[in-house]
Amino acid sequence: MSEEAKSLNFIEHIIEEDLRNGMPKNHLRFRFPPEPNGYLHIGHTKAIGISFGLGEKYNAPVNLRFDDTNPTKEEQEYVDAIKHDISWLGYKWENELYSSDYFQQLYDWAILMIKDGKAYVDSQSSEAIAEQKGTPTQVGTNSPFRNRSTQENLDLFERMKNGEFESGTHVLRAKIDMEDPNMLMRDPIMYRVMHAHHHRTGNDWCIYPMYDWTHGESDYIEQISHSLCSLEFKPHRKLYDWFKEQVHDYSVDEYPLIPKQREFARLNLSYTIMSKRKLLKLVEDGVISGWDDPRMPTISGLRRRGYTPNSIRKFIKKVGVAKRENVIDVSLLEFCIREDLNKTAPRVMAVLDPIKLVITNYPENKEEWLVAENNPEDDNAGTRQVPFSREIYIEKDDFKEEAGNKFFRLKLGGEVRLKNAYIIKAENVVKDVNGNITEIHCTYSEDTTKKVKGTLHWVSIKHAIQAEVREYDRLFMDEAPDSHPDKNFMEFINPNSLKTINAFVEPSLADAKVGERFQFQRLGYFNVDDDSTANKLVFNKTVGLRDSWVKQKLKQNNTKNLQKPQQQQRKAINVIQQLGKKYTNLPEEKQQKVKAEIQKLAKDVTYNELEPLFGTAIKKAGTRIATIIVLKVLLNNGLKHNDAINEFVEKALEDKNELLVAEARTI
RNA sequence: UGGCCCAUGGUGUAACUGGCAACACGUCUGUUUUUGGUAUAGAAGAGUCUAGGUUCGAGCCCUAGUGGGCCAACCA
């Protein structure tokens, strides 16, 4: 079966149109241009997914280009981490490139621009330059150095390059227009003096090009066809195009194609932050253990947490691409990882919050190895054996001395199935001096065919292995922690985002390897953390299973407290309104049916409910027709005419919608 | 005293050149089940920000308004 024609996003529309207009398919070329100044996060995944996804879709090359023009912030460590993350996600780049590879070309072009009077050296302080730049609502003014002679500019620029000047003393600026409403066009800085060691070019340069000058020209040199970036670069497009025009004049023969920048809305995730600077702060302040802490929204964090590349790619596909600001609910990410792991993760049993259960009629020294299915979703997953004995652990939550019949778990006198084992019945409990239950005593029956409502997971105490389980909660307690102008995002940090648990797991897990993923049955998905050693197993909780029981409990609590009214029947007037909406679009037959229905419903409508509808917008003819129909019924039932009614009917009579006029006439 | 971008169920994205607003997540109901998971069947929820205009017909085109975002780093 062929894949159904999926609708295109706006970038794909643009590409399709370019192709239709004659762009050869083999001119398609994309790039992902990270700055190596931090780790990649889930937000970057969107940009990666877009550009690399397009590469896969059109079978076009995608370059990985490090935008490394600021040696003070960039490090090799980040380059390595970024490459690792992209590969892990399963994408392949055509070329590994660096903006710094183009420093010489950029410099040569800059010289040409100076010669053409399109760039000049400014020798003011950054403060002075900033001041002359104006504000978004106020134009800028020219620099006193704007009209230096070509000779002087050339000389100064050469000396900047040679390291004769200190940082901050001179810059090279493009000569564009200080009055442009777009501030980026007000003689933007192309080069600044920086005596810094660069992770690739070492000490070769002491002038470094700025983003706008570098980025577009790098695209141009690589002959990128579509340069895709996030929305905040939209204002840069004008400059991007301006620079391109200049260099294109110099190098048409060598580089014939002109790239096109297009912008999409970046990804935001609820309850998380996405700024590299802020993530770095969390790392530096030790709020979390590092860039790859499982609570971090970084790719390395998600990886350590147990997310699969597949789930992340699916997630990105699902969130789509558009231009409007968006906040994606974390539940979508969770859905994607559950969906993936459900099919692939072997099931095992683990008890996180144990309570001892003794099966009194099971022989003291007996033990059995029972057969357990590894994954009901995967026919090839096979089975394993789990040990059973007289004393086991179950979850504390799975037992209550007394409970209603909505509680499917174990209660005194109640029966429940032990997963992969027998059906047991709770007979009594042992308590300590404080009244806490220390043991549950049960009897078992070997008849496993009986129908019982609940099934519990368990581990045999004698055979269980201890393991550390790290359970995570969201790192921030606010839905949008960095969107409060008056509050710092650090204020929202959840102090309980990490819970370390001493758990008991079934012995088959003894040789689980770092990175392996499991479903702890009835609990969630877990993977073996990097900290795990041969003597000590450490698991991360990736995500819990969907749990309709907690919802059930929440609901019960709510109804207890609030006595929420049962979902009340919809009011007749609301139903009528909805019927009216579509009225004008319906075929005539159906209109008659709907009309009859409205007339029937109208009997339950009061005038007070109807009157507000008189104000319905003119263009909403359907609603007005429905209103007229109801009005007629009310009038027939003895309602008296008043000014509001007369006005409404008159307006209807004058309408150009014939249906509406016809209905109004009948009044 | 500006410029640019955006506005569709709770959330995200569709709707090709105008034709009964669709899909996914979430929510709610059944059914199945040795996971209160999965699967499966279904439901509720939108006049497409507002007001006008063009049109036989507007989410889509036009005008005005409203609301939100971005732009004043020798960052990217």
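Values below: every heavy atom of this structure, side chains too, minus hydrogens, waters and symmetry copies.
- Taking the side chain of A/Thr455 as heavy atoms from C-beta on, and the options B/A51, B/C74, B/U35, the nearest nucleotide is B/U35.
- Residue contacts shown for A/Leu184 are absent, as no nucleic acid heavy atom lies under 4.0 Å away.
- Distance A/Tyr39 OH to B/A76 P: 21 Å, rounded to the nearest Å.
- When distances are taken from the side chain of A/Pro235 to each of B/U34, B/C71, B/U48, the shortest belongs to B/C71.
- Distances shorter than 4.0 Å separate some side-chain N or O of A/Ser548 from OP1 or OP2 on B/G37.
- Between A/Arg347 and the phosphate of B/U35, there is no side-chain N or O to OP1/OP2 separation shorter than 4.0 Å.
- Of all nucleotides listed (B/G36, B/U35, B/G12), B/U35 comes nearest to the side chain of A/Gln519.
- Between A/Phe157 and A/Tyr191, the ring centre distance stays below 6.0 Å.
- A/Leu545 comes within contact range of at least one nucleobase, with a heavy-atom separation under 4.0 Å.
- In this structure, A/Gly134 and A/Met183 approach most closely via the heavy-atom pair O-CE, 3.5 Å.
- Picking from B/G69, B/G36, B/G26 the nucleotide with the shortest atom distance to the side chain of A/Glu325 gives B/G69.
- The CD-P distance, from A/Glu232 to B/A73, rounds to 15 Å in whole Å.
- In this entry the distance linking CD of A/Glu377 with P of B/G37 reads 12 Å, nearest Å.
- Checking B/U35, B/A14, B/G36 against the side-chain heavy atoms of A/Phe408 singles out B/G36 as nearest.
- Rounded to an integer number of Å, the gap from A/Ile42 CD1 to B/G12 C1' is 14 Å.
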A/His236 and A/Tyr240: CA distance, side-chain angles, deciding distance, ring-ring contact (aromatic ring centres under 6.0 Å, His included) verdict: CA-CA 6 Å; A/His236 292 251; A/Tyr240 181 92; 9.7 Å; no

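- Between A/Thr135 and the phosphate of B/U1, there is no side-chain N or O to OP1/OP2 separation shorter than 4.0 Å.
- Look at B/A72: it lacks any Watson-Crick or wobble partner with both distances under 3.5 angstrom.
- Residue A/Val321 is classed as a sugar-phosphate contact, given heavy-atom separations below 4.0 Å to backbone atoms only.
- Taking every heavy atom of both residues into account, A/Arg266 and A/Ser230 meet most closely at NH2-OG, 3.9 Å.
- OP1 or OP2 of B/A15 lies within a sub-4.0 Å distance of a side-chain N or O belonging to A/His13.
- Rounding to whole angstrom units, CD of residue A/Glu395 and P of B/G36 are separated by 12 Å.
- The gap from the P atom of B/U48 to that of B/C60 amounts to 8 Å, rounded to the nearest Å.
- B/U11 and B/A46 have their P atoms separated by 13 Å, given to the nearest Å.
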Before giving the answer on side-chain hydrogen bond (donor to acceptor under 3.5 Å, both in side chains), spell out for A/Glu377 and A/Asn375 the whole-Å C-alpha distance, their side-chain angles and the decisive distance to 0.1 Å. CA-CA 5 Å; A/Glu377 303 294 318; A/Asn375 187 348; over 6 Å; no

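- Mapping A/Asn9 and A/Ala621 onto RNA chain B by nearest heavy atom places A/Asn9 at the nucleotide closer to the 5' end.
- Protein atom CZ of A/Arg546 is 16 Å distant from nucleotide atom P of B/U35, rounded to whole Å.
- The closest side-chain donor-acceptor pair between A/Arg262 and A/Ser227, if any, does not fall under 3.5 angstrom.
- By the 6.0 Å and 45° rule, A/Arg173 does not stack over the aromatic ring of A/Tyr120.
- No donor-acceptor contact under 3.5 Å links the side chain of A/Arg338 to the base of B/G37.
- Remark: ring of A/Trp549 stacked against base of B/G36; centroid gap under 5.5 Å, plane tilt under 30°.
- Across B/U38, B/C25, B/A76, the shortest atom-to-atom separation from the side chain of A/Ser331 is found for B/C25.
- Put simply, A/Lys551 has a side-chain N or O that comes within less than 4.0 Å of OP1 or OP2 on B/U27.
- Between the CD atom of A/Glu334 and the P atom of B/G12 there is a distance of 17 Å, rounded to whole Å.
- Two residues, A/His170 and A/Ile328, neighbour RNA chain B, and the one matched to the more 5' nucleotide by heavy-atom proximity is A/Ile328.
- Here the nucleotide nearest the side chain of A/Lys419, chosen from B/G3, B/G52, B/U35, is B/U35.
- Counting any heavy atom pair closer than 4.0 Å across all strands shown, A/Glu339 reaches no nucleic acid atom.
- As judged by a 4.0 angstrom heavy-atom cut-off over every strand, A/Asn420 is placed among the base-contacting residues.
- Taking 4.0 angstrom as the limit, A/Arg522 places a side-chain polar atom (N or O) nearer than this to OP1 or OP2 of B/G36.
- For B/G36, there is no paired nucleotide, since no Watson-Crick or G-U wobble pair has both relevant distances below 3.5 Å.
- A 3.5 Å limit on both hydrogen-bonding distances identifies B/A41 as the Watson-Crick or G-U partner of B/U29.
- Between the P atoms of B/C70 and B/U35, the separation comes to 49 Å (whole Å).
- For A/Asn70, counting side-chain heavy atoms from C-beta on, the closest listed nucleotide (B/C74, B/G37, B/C75) is B/C75.
- Atom P of nucleotide B/A24 and atom CG of A/Leu333 are separated by 19 Å, given to the nearest angstrom.
- B/U11 and B/A24 make up a base pair, with Watson-Crick or G-U wobble contacts both under 3.5 Å.
- Separating the P atom of B/G42 from that of B/C25 is a span of 15 Å, rounded to the nearest Å.
- The side chain of A/Arg192 contributes an N or O atom lying less than 4.0 Å from OP1 or OP2 of B/C75.
- Residues A/Phe264 and A/Leu228 come closest through the heavy atom pair CE2-C, 3.9 Å.
- When each of B/G37, B/C74, B/G2 is scored by its nearest atom to the side-chain atoms of A/Pro376, the top-ranked nucleotide is B/G37.
- Taking every side-chain heavy atom of A/Lys323 into account, B/C5 is the closest of B/C5, B/A51, B/C71.
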Worked verdict on A/Asp398 versus A/Arg522 for salt bridge (charged side-chain N to carboxylate O under 4.0 Å, His left out): CA-CA 11 Å; A/Asp398 283 341; A/Arg522 301 212 303 136; 2.3 Å; yes

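- Under the Watson-Crick and G-U wobble criteria, each requiring two contacts below 3.5 Å, nucleotide B/G67 is paired to B/C6.
- Contacts of A/Arg409 with the nucleic acid, taken as non-hydrogen atoms under 4.0 Å apart, include base atoms.
- Across all strands shown, nothing is found opposite B/U48 as a Watson-Crick or G-U wobble partner with both distances under 3.5 Å.
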